[in-house]
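Scroll down for the structure; my scribbles are underneath it.
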Amino acid sequence: MPELPEVETVRRGLIPAMEGARIVRVTAHRGDLRFPLQQDFAARLDGRKVTGLGRRAKYLLADLDSGDVLLMHLGMSGSFRVMLDGHGKTPGAFHHRRNESRTHDHVVFEMENGAVIAFNDPRRFGYMKIVARADLEGEAFLKALGPEPLGNAFDAAMLAQACKGKKTSLKAALLDQRVVAGLGNIYVCEALFRSRLSPKRQASTLANRSGAPTEHAVRLVSAIRTVLNAAIEAGGSSLRDHRQTSGELGYFQHSFQVYDREGEPCRTRGCRGTVKRFTQNGRSTFWCPSCQK
DNA sequence: CCGCGGGCCTGAGAGC
DNA sequence: TGCTCTCAGGCCCGCG
């Protein structure tokens, strides 16, 4: 499910219920997520106040008044649901029929303010881990991550440098979280389309001989930023699992230009092309071969 | 370093 | 109705 825009949408949805609030009780209905929950997971959270809720790439980071940080990853199908009165009666939350089952609510947080926050993840590729803040820098999950695509450190020069000499495809390079952290299959496809670059292009072509960024790199950085910001604005993309914490759908899927549009006409004005799909590094790539070079 | 395949899981949808 | 097959917003590991 979640790439950066979906995780950011979740973060924003959790803030009113979580930030500054105290956890009264944590219930782990099952601890066998992608990685097993720590033995003392609930004990380290019970009674703690959440002092801040941040995000690093696709990870949510809840700062606790104990000096611990709760690190959360949504995997493919993870979502959070906030029930402000504890009974799911969030206003406007019941306009949809799917995914109402609470059978995959694996971890439930009850807050002092009355909010109940449920982590739901049918496929259990998501996970949570508590790390002492002092150890966060050395945390393996975070250590190798590249820059935030919406942050200042991410620009054409940096991207060109990271791709310099890379024989791999542009698609693969952008999915590599060490190059830039937060993109996934959807937004890589969309950003490549918007920058008119072929997913098959060799990643090294973002840099010239001296390692300086080409115009392609400039275009790509700009497209990545634009598409991520627009997707956040839309509450993310809801294809199967993603929900905002209120239960409402994101709606950026309506703005897809190529993702999930195999066989449909290219939306570029004047282009007679058709959106194609092929498999790259084991994942579907959607693109318009007439627009993207 | 690179690409590839397999694995971790469940559920939706298509086709028969 | 139900079976089987494919596929899915992530990411890790091991192989050649």
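Every chain is numbered from 1, with letters handed out A, B, ... down the list of sequences.
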Does OP1 or OP2 of C:dC11 have a side-chain N or O of A:H73 closer than 4.0 Å?
-> yes

Quick note, A:N281 side chain, CB onward, closest among B:dC4, C:dA8, B:dC2 is B:dC4

Stacking check A:F125 vs B:dC8 (5.5 Å / 30 deg) = yes

Quick one: does A:N113's side chain have a donor or acceptor within less than 3.5 Å of a partner on A:R22's backbone?
-> no

A:F141/A:Y127 aromatic ring centres below 6.0 Å | yes

Would you classify A:S284 as touching base, sugar-phosphate or nothing, given that sugar-phosphate means primed atoms plus P, OP1 and OP2, and contacts are heavy atoms under 4.0 Å?
-> sugar-phosphate

Taking the C1' atom of each, how far is B:dC1 from C:dG10, in whole Å?
-> 22 Å

What about A:R283: does its side chain form a donor-acceptor pair under 3.5 Å with the base of C:dA8?
-> no

What nucleic acid atoms does A:G282 come within less than 4.0 Å of, heavy atoms only: base, sugar-phosphate, or nothing?
-> nothing

Interatomic distance where CG belongs to A:D105 and C1' belongs to B:dT10 [whole Å] | 15 Å

Separation of B:dG3 P from A:F278 CZ (nearest whole Å) | 12 Å

When we call it a touch if two heavy atoms are under 4.0 Å apart, what does A:R277 touch: a base, just sugar-phosphate, or nothing?
-> sugar-phosphate

Base-paired stems in DNA chain B, each at least three Watson-Crick or G-U pairs under 3.5 Å = B:2-8 with C:10-16, B:10-16 with C:2-8

Closest to the side chain of A:Y259, out of B:dG3, C:dA8, C:dG10, is C:dA8

Find which nucleotide of DNA chain C each of A:Y127 and A:R123 is nearest to by heavy atoms, and output the residue with the more 5' nucleotide.
-> A:R123

Would a distance-only check, ignoring hydrogens and angles, find a side-chain to backbone donor-acceptor pair under 3.5 Å from A:T285 to A:T279?
-> no

What is the distance, rounded to the nearest whole Å, between atom CG of A:L183 and atom C1' of C:dG10?
-> 13 Å

Gap between atoms CG and C1', on A:L175 and B:dG3 respectively (whole Å) = 14 Å

Pick base, sugar-phosphate or nothing for A:S169, based on heavy-atom distances below 4.0 Å to the nucleic acid.
-> sugar-phosphate

How is A:Y187 classified with respect to the nucleic acid when contacts are heavy atoms under 4.0 Å: base, sugar-phosphate, or nothing?
-> nothing

Donor-acceptor contact present, side-chain A:R261 to main-chain A:Q257, <3.5 Å | yes

With distance as the sole criterion, do the side chain of A:R124 and the base of B:dC9 form a donor-acceptor contact below 3.5 Å?
-> no

Atom pair distance, as rounded to whole Å: NE2 in A:H104 and P in B:dA12 | 9 Å

Protein-nucleotide distance (A:D260, atom CG; C:dA8, atom C1'), rounded to Å | 10 Å

Between the main-chain N or O of A:I15 and the side-chain N or O of A:R11, is there a donor-acceptor pair closer than 3.5 Å?
-> no

Between C1' of B:dC1 and CD of A:Q202, the distance in whole Å = 13 Å

For A:K166 and B:dC2, is the shortest distance between a side-chain N/O and OP1 or OP2 below 4.0 Å?
-> yes

Can you check the A:K58 NZ to C:dC11 C1' distance for me, whole Å?
-> 8 Å

Should A:E3 and A:K58 count as an ion pair when the cut-off is N to O under 4.0 Å?
-> no

Are the side chain of A:R225 and the backbone N or O of A:G151 linked by a donor-acceptor pair below 3.5 Å?
-> yes

Are A:S77 and A:D121 linked by a side-chain donor-acceptor pair shorter than 3.5 Å?
-> yes

